[in-house]
Amino acid sequence: MTARIMLGRPWPGTVGESQRVLHVFPEPEQYPWHITAYCGVTYWSGDLEWFDRPAWMPCTACLAAVPLPRALS
C-alpha cells in the first residue's frame, strides 16, 4: 500500500513570505478543518493553496519526513 500525499502552501498574507513553502500532507480519509504536514506544522485547510505537482520552494523538513515508496517486488 502506498501513502497518498497532498501538496499545499499557505496563501499570501496568512504567514510571512519566507514561510510560504510547499508542504507535504498525508491525504486524509475525510476533509478536515485542520491538516498537519509531515514536518508537524498544522494549518486550517482553507489557508492553503493546493497543487497537483511539486512547485515553489519545498519545506525541507517535510521532504525529510515523507515516507519513501516501497520497492516493487
Nearest heavy atoms of Cys39 and Ala61, plus distance in Å: CB-CB, 3.6 Å

Value rounded to 0.5 Å, distance of CZ in Arg20 from OG1 in Thr14: 7.0 Å

Atom pair CZ/CG of Arg9 and Asp47 - distance to nearest 0.5 Å: 13.5 Å

By salt bridge (charged side-chain N to carboxylate O under 4.0 Å, His left out) - contacts of Glu27 (at least two apart): Arg4

Leu22 side, atom CG; Glu49 side, atom CD - distance, nearest 0.5 Å: 9.0 Å

Cluster check Val21, Phe51: I/L/V/M/F/W/Y, side chain < 4.5 angstrom: no

Residues that, via side-chain heavy atoms closer than 4.5 angstrom, fall in one hydrophobic cluster with Leu48: Met6, Val15, Phe25, Ile35, Val41, Tyr43, Trp50

Val24 side chain near Cys59 side chain, heavy-atom distance below 4.5 Å: no

